[in-house]
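Report on the structure given below.
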Protein chains: 2
Amino acid sequence: MTIYDIANACGVSIATVSRVLNNSDKVSEKTRQKVLDVIRQQNYSPNPFARGLGLDSMRMIGLLCTDVSDAFYAKAVSLVEHELKQRGLDMMLICTGNDIQSKKKYLQFLLKKHVDAIILIGSPFREDEDNSHLAETARKVPIIAINSLLELPNIYSVLCDEAGGMELAVRKLTNAGCKNILYLYDRTNYSGQQKLQGFRAGIARAGLPHQEKLICRTSRDLPIVEETVKRMIAPSLPFDAIIGSEDQIAIGAQKALSAANLHLPVIGCNNSVLADCATPSLTSIDNRLDILCPAAVDVLAKILETGPDAAPSQTVFPAIIQYRDSFPAPPDSR
Amino acid sequence: MTIYDIANACGVSIATVSRVLNNSDKVSEKTRQKVLDVIRQQNYSPNPFARGLGLDSMRMIGLLCTDVSDAFYAKAVSLVEHELKQRGLDMMLICTGNDIQSKKKYLQFLLKKHVDAIILIGSPFREDEDNSHLAETARKVPIIAINSLLELPNIYSVLCDEAGGMELAVRKLTNAGCKNILYLYDRTNYSGQQKLQGFRAGIARAGLPHQEKLICRTSRDLPIVEETVKRMIAPSLPFDAIIGSEDQIAIGAQKALSAANLHLPVIGCNNSVLADCATPSLTSIDNRLDILCPAAVDVLAKILETGPDAAPSQTVFPAIIQYRDSFPAPPDSR
DNA sequence: GTGAAAGCGCTAACAG
DNA sequence: CTGTTAGCGCTTTCAC
C-alpha cells in the first residue's frame, strides 16, 4: 500500500495525498476529508524510510546515556521517552559506558544515523576537558544536556542546582547540630563537581572549619563504600553525619554504621527507589528529574519547531530534599 | 556527500561503490581498496534513509517494555542494547505502561515504523488472554519474547524456568525447617503465574499442606506490602518465612518484620540492585537476565541472517539462587 | 486548489 | 568484474 494507491482510490494525485499527510493548508476541506477517509479505511500509513529520505528526518532523537541499568539514568530515560512519545518523536537509545572514547564514538554514530537531535542524560562529558567533539557534533544537530552544563553553541542545558541542593542539605544537618559531616563521592563529572562544591560552600557558610579528611572518594560498589566508612570509623569516630553523592553510596555508609551499631544522620542523593528500600529509609536530595526531563523535551521541541533561537540555552531548577527516616525533616523545615 | 561523490573520486560507478558498501564479493580487491580508501578519507557514510528505502530495513529493532524505570526491566534493556549494538543493530525503545490497550497500540506503532523485529521485555502479554494482535504482528515481523512464553508462529521465547527457581527456593526453606511460608505477589502475568505455580509445587513436594491464606496478593508499593504483612502478623504469627515474587515486595516484608522485631528468612526474586541495598541484604532468585538477553539477541540475529527456521522457538534456562544475609546459603547447597 | 514531474541517495537487476 | 538504469515511496517545486 503506497501513496499511489490512496491517490487512485481518491481520484486525486499523489501530491494532494502528500499535502494532506503533511497538513498543508493548500487543500480544500472537501478533498482533505475524502483523503483522510480513504487513509483511515485502508489503514494506510506512509513508508517512514521514503519519508525520511524526502524530509531528511525521521523524527528520531538519539539518547546518549552512560548506563540505563543505573536506577537514576533509567528514570530519566523513562521520563524522556514518555515526553518524546507525546510529541510524536521516536528515540534511539545508546548506552556508552564510562569510557570517554566510546562516548565520542557514539556521538559520531548518532550523527551518521541522521537523528534530529541528541539528548545527553547525566553528565557524560566534563565541561573542563576537551569538548571539541561535542562542539563539532552540535554544529550539525542540536544537543540537549540533562543535568550537565555545557556552554557551547547549539547545546542547551537543562539542569538542577545540585550545588544549591547540597548546600541546603549541609545547612539542615548543621542546623540540627552536626559539626563534622563526612562527604562520600565517586565521580568528578559536572554533577559530581557541583555537589562537592555545594558541600564545601555549605560547610563554609555554617562557619565550620574545612576538613579535607572528611571528603572521601569511594565507589558506588556497596562493599567498597562499607570498607571506606569502616576504615574511617576505626580508631575514633571523626564525624557525626554522612552525605553520599549517590543514594547507593549513602546506603553503603548506612550499612557500615549499622554494623558498628552507630546511628547518625545520613543523606543521599538522587532520591531513587533505592532510598525507599534502604533501612532506615534514606533522606535524599532530589534533583528533579521529573521536572528536568519534560523541560528538556520542551526545549527540544521548541528548537525543532521554531528554530534554535527560540529556546533558552540554560534552564535551571532548584533541588529539594526528600525527607525519610535516615534524617527526618527538622521542625524548621520550609 | 553522496555515493556519487565517492564514485567520481574513485573513477568508478555508483554500483561499484554500493557493492563495496554491501560487502559484495563481485569487486576486485584492488578497486575495493581504492573505494574504501576514498570512503575513509572523505569520512563518508551512506544516507541511512536512502538505504532503508532501498532495502526496506534500517536494522532497527523495536523494544517493547512495560517500564524502564523499573530496575529489572532497566537491566534487561541495558543488556539487550549492548548486544544489539555489537551486531550493528539499533534499537527504538517504547515503554507501554501497564495498560493492555496501549500495549496493543504500540505493537501496531512499531509495525508502522518498519522495524526489523520486536523484542518484548518482561511479560507484557499474558498467554491466556486474547493474543490475536500479537499473532497478527508476528505475521509481519519476528517477535522475541524475553521471559514470557508465547506459543505462536514467528514468536520466539527466551525464558528462565521461574517455576523451577521458585520450587528450589521453597525446597531450600523447607530443608531449613520452615513449614509455613508466606508467599507475596502482585502480578498475574506469565511470569507471575509461573512463580506461583512453582511455589505451590514446592509446598506439595515438601509434603506440606496447602494453605491458601499464606498466598497473598499485594503491591510492590512499599507501604502497601508493609501493611499487608503487618496485618498478617497481627494476632499470632502464622508463618515462619517469606517469599516475595519481586525483590521490592520482599523488602517491604523485611521492613514489616523488622518493625515487629521479627527475624525470619526472606527470599526475593529478580536479584536486582535492590537486593544488595536491603537490610539485611536479600537472598534472591536470579532469573538470569544476563544470560537470557544475549541469548534472545542471538536468536534474533539468527532469524535476521538465516531465516525464521534457523532459530529455536523456545530457549529455557534454569534459575539460580543468589544467597545473601536474609537467608544464607544452607550447608547442603549445591 | 491541484497535478506533473523532478528529485532525495541508495540497491539491484541486467547487460556487457 | 563493472556500468547503466530502473525503481524504492515520498516531498516539493512549478505550472495551470
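Lettering follows sequence order; numbering is per chain, from 1.
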**Study point:** Phosphate OP1/OP2 of C:dG1: any A:Ser28 side-chain N/O under 4.0 Å
**Key:** no

Exercise for review: Taking only the side-chain nitrogens and oxygens of A:Arg51, find out if one of them lies under 4.0 Å from OP1 or OP2 of D:dT11.
Suggested key: yes

Check your understanding: D:dT2 P sits how many Å from B:Asp25 CG, rounded?
Key -> 12 Å

Study note, to complete from the structure: Rounded to whole Å, CG of B:Leu55 lies from C1' of C:dA13 at a distance of 14 Å

**Study point:** NZ/NE/NH1/NH2 to OD/OE distance under 4.0 Å, A:Arg139 and A:Glu136
**Key:** no

**Study point:** Distance, rounded to the nearest Å, where B:Ile14 contributes CD1 and D:dT5 contributes C1'
**Key:** 9 Å

Check your understanding: Quick check: does any side chain N or O of A:Ser157 sit under 3.5 Å from a backbone N or O of A:Ser148, one acting as donor and the other as acceptor?
Key -> yes

Point to revise | Nucleotide of D:dC10, C:dA12, C:dG9 approaching B:Asn47 most closely (side-chain heavy atoms) | key: C:dG9

Practice item. Report the distance from atom CE of A:Met58 to atom P of D:dT11, rounded to the nearest whole Å. Key: 13 Å

**Study point:** Test: A:Lys302 cationic atom under 6.0 Å from A:Tyr156 six-membered ring centre, within 45° of axis
**Key:** no

Practice item. Calculate the interatomic distance between B:His114 atom NE2 and D:dG9 atom C1'; express it in whole Å. Key: 10 Å

Review point. For A:Tyr106, is the NZ or CZ atom of B:Lys85 found under 6.0 angstrom from the centre of its six-membered ring and inside 45 degrees of the ring axis?
Key: yes

Review point. Do B:Arg87 and B:Asp298 sit within salt-bridge range, that is, some charged N less than 4.0 Å from a carboxylate O?
Key: yes

Study note, to complete from the structure: Here the residues of residues 31-42 of chain B within 4.0 Å heavy-atom distance, strictly under, of DNA chain C are none

Practice item. Grab the NZ-C1' distance between B:Lys112 and D:dG9 for me, whole Å please. Key: 16 Å

Point to revise | Rounded distance in Å - CZ (A:Phe49) to C1' (D:dC8) | key: 11 Å

Review point. Got a second to check how far A:Phe49's CZ is from B:Arg51's CZ, nearest 0.5 Å?
Key: 12.5 Å

Exercise for review: Tell me what A:Ser18 touches on the nucleic acid: a base, only sugar-phosphate, or nothing, going by heavy atoms under 4.0 Å.
Suggested key: base

Check your understanding: How long is the gap from CG on B:Leu63 to CG on B:Asp90, to the nearest 0.5 Å?
Key -> 12.5 Å

Check your understanding: Within the structure shown, what part of the strands sits under 4.0 Å from B:Leu53 by heavy-atom distance: base, sugar-phosphate, or nothing?
Key -> base

Check your understanding: Quick one: which of C:dG9, D:dG9, C:dT11 gets closest to the side chain of A:Thr2?
Key -> D:dG9

Exercise for review: Would you mind classifying the nucleic acid contact of A:Asp56 as base, sugar-phosphate or nothing, using non-hydrogen atoms under 4.0 angstrom?
Suggested key: nothing

Review point. Between the side chains of B:Ser191 and B:Asn147, does any donor sit under 3.5 Å from an acceptor?
Key: no

Revision key, fill the gap. Among the nucleotides D:dC10, C:dT2, D:dG3, whichever has the atom closest to the side chain of A:Tyr44 is D:dC10

Check your understanding: Out of C:dC10, C:dA12, D:dT11, which nucleotide sits closest to the side chain of B:Pro46?
Key -> C:dC10

Review point. Can you check the B:Tyr4 OH to D:dT5 P distance for me, whole Å?
Key: 11 Å

Check your understanding: Reckon A:Val12 touches a base, only the sugar-phosphate, or nothing at all at heavy-atom distances under 4.0 Å?
Key -> sugar-phosphate

